[in-house]
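Here's the structure we're looking at; comments come further down.
When reading the values below, keep in mind they use all heavy atoms of this one structure, side chains included, and skip hydrogens, waters and symmetry mates. Lettering of chains follows the sequences in order, A, B, ..., and the numbering in each one begins at 1. All values derive from a computational prediction rather than experimental measurement.
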Amino acid sequence: MPISSAPLPHAFFDRPAPLVAPELLGRVLSCTLPEGTVELRITEVEAYQGDDPASHSYRGRTARNAAMFGPPGHAYVYFTYGMHFCVNLVCGPGLAPSGVLLRAGEITAGLELARKRRATSRTDSDLAQGPARLTVALGIDRAQDGVDLHGPVLRLLPGSPPPTELVRSGPRTGVALGADTPWRFWTEGDPTVSPYRAHTPRRG
DNA sequence: TGTAGGATTACCT
DNA sequence: GGTAATCCTACAG
């Protein structure tokens with residue numbers, strides 16, 4: 001097996017999410033399911049941790065967010081808005097609840113399968129442009145909640161991080177609380193980065 | 001080009 | 001009963 005396919009070590013994730021998040025840009029998440037393998041080069045992420053009111057872990061552990069309270073280096077998959085899945089990479093340190101939401105990326109392998117899953121996409125750059133689109137393209141759902149990132153299904157590979165001058169940070173997208181915390185990180189100029197949208201309250 | 005509203009489940013108040 | 005780490009479609013300009 002080539003060296004480049006060895007996943008990032010456990011210690012990489014065993015730090016607070018805001019420190020891990022910018023280092024995830026350019027890394028490759030591989031997802032292997034019976035239909036095939038899709039690989040994604042990460043271009044946009046957001047960090048969340050326990051003492052942050054916008055984090056799912058802020059009010060303590062529930063059945064839904066249990067994976068965030070588990071060991072680093074695993075996936076936390078949650079269901080939201082009645083129809084969408086989003087995936088986080090669980091960080092630390094230790095069992096401290098923190099994680100990095102994967103918001104967007106570029107499909108680098110399994111393009112045909114990703115196009116099939118994301119049939120409404122008009123272009124390849126929007127196959128994984130947005131956190132819920134990303135999980136559809138990779139085939140991630142509740143079955144991957146709590147799954148190890150060093151296993152046969154999910155693997156986080158070293159990839160090729162962008163030069164530091166292209167790494168940008170700013171407020172997180174669509175969050176109502178803690179909107180002033182610059183824990184969104186993206187690769188400047190990458191066409192797969194999702195457009196920033198401030199939180200918009202819903203009307204009844 | 002942009003804005004508005006619907007879909008639909010888990011969780012919290 | 002209201003809101004949410006969202007996406008898609010429709011329709012106005």
From [atom1] of [X] over to [atom2] of [N], roughly how many Å is that when rounded to an integer?
X: A:R122; N: C:dC8; atom1: CZ; atom2: C1'; answer: 13 Å
X: A:Y76; N: B:dA10; atom1: OH; atom2: C1'; answer: 10 Å
X: A:D126; N: C:dC8; atom1: CG; atom2: P; answer: 8 Å
X: A:H84; N: C:dT3; atom1: NE2; atom2: P; answer: 18 Å
X: A:F79; N: C:dC7; atom1: CZ; atom2: P; answer: 13 Å
X: A:M83; N: B:dT8; atom1: CE; atom2: P; answer: 6 Å
X: A:F85; N: C:dA4; atom1: CZ; atom2: C1'; answer: 15 Å
X: A:I140; N: C:dA5; atom1: CD1; atom2: C1'; answer: 15 Å

Does [N] have its OP1 or OP2 closer than 4.0 Å to a side-chain nitrogen or oxygen of [X]?
X: A:R64; N: B:dC12; result: no
X: A:R118; N: C:dC7; result: no
X: A:T120; N: C:dC8; result: yes
X: A:H56; N: C:dA5; result: yes

Query - Cluster overlap A:L149 with A:I42, hydrophobic side-chain contacts below 4.5 Å - result: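 Yes, A:L149 connects to A:I42 through the hydrophobic network.
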Query - Parallel, tilted or perpendicular: rings of A:F85 and A:F79 (30°, 60°) - result: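 Tilted, since the angle between the ring planes falls between 30° and 60°.
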Report task. Check every atom of B:dA10, B:dC12, C:dT6 against the side chain of A:R59 and return the nucleotide holding the closest atom. Result ->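 Of B:dA10, B:dC12, C:dT6, B:dC12 is nearest to the side chain of A:R59.
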Requested in this report: Output the single nucleotide from B:dC12, B:dA7, C:dA5 whose closest atom is nearest the side chain of A:T62.
Outcome: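 When the side chain of A:T62 is considered, B:dC12 is the closest of B:dC12, B:dA7, C:dA5.
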Quick test of your reading of the model: are [X] and [Y] salt-bridged, counting only N-O distances below 4.0 Å?
X: A:R172; Y: A:D52; value: yes
X: A:E35; Y: A:K116; value: no
X: A:R41; Y: A:D190; value: yes

Report task. Compute the centroid of each ring, for A:Y78 and then for A:H56, and state whether the two points are separated by less than 6.0 Å. Result ->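 Aromatic pair counts; centres sit under 6.0 Å.
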Dump the pairs, protein N or O against N or O of nucleotides 10-12 of chain C, anything under 3.5 Å, distances to one decimal.
none

Query raised in the report: So do A:E46 and A:L102 actually touch side chain to side chain, heavy atoms under 4.5 Å?
Result: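 A:L102 vs A:E46: side chains apart.
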Query raised in the report: Does B:dT1 have a Watson-Crick or wobble mate here (both distances under 3.5 Å), and if so which one?
Result: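 B:dT1 is paired with C:dA12.
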Query raised in the report: With both distances under 3.5 Å as the test, what is the Watson-Crick or G-U wobble partner of B:dT8?
Result: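 Its partner: none found.
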Query raised in the report: What distance separates A:L127 CG from A:R133 CZ, expressed to the nearest 0.5 Å?
Result: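 Interatomic distance, A:L127 CG to A:R133 CZ, rounded to 0.5 Å: 9.5 Å.
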Query raised in the report: Which is true for A:A132 with a 4.0 Å heavy-atom rule: it touches a base, it touches only sugar-phosphate, or it touches nothing?
Result: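 Sugar-phosphate only.
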Query - Check: B:dA7 base within 3.5 Å donor-acceptor of A:Y81 side chain - result: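 Side chain to base: no pair below 3.5 Å.
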Report task. Provide the distance between the two P atoms, one in B:dT3 and one in C:dA5, to the nearest whole Å. Result ->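 Per the computed distance, 22 Å lies between those P atoms.
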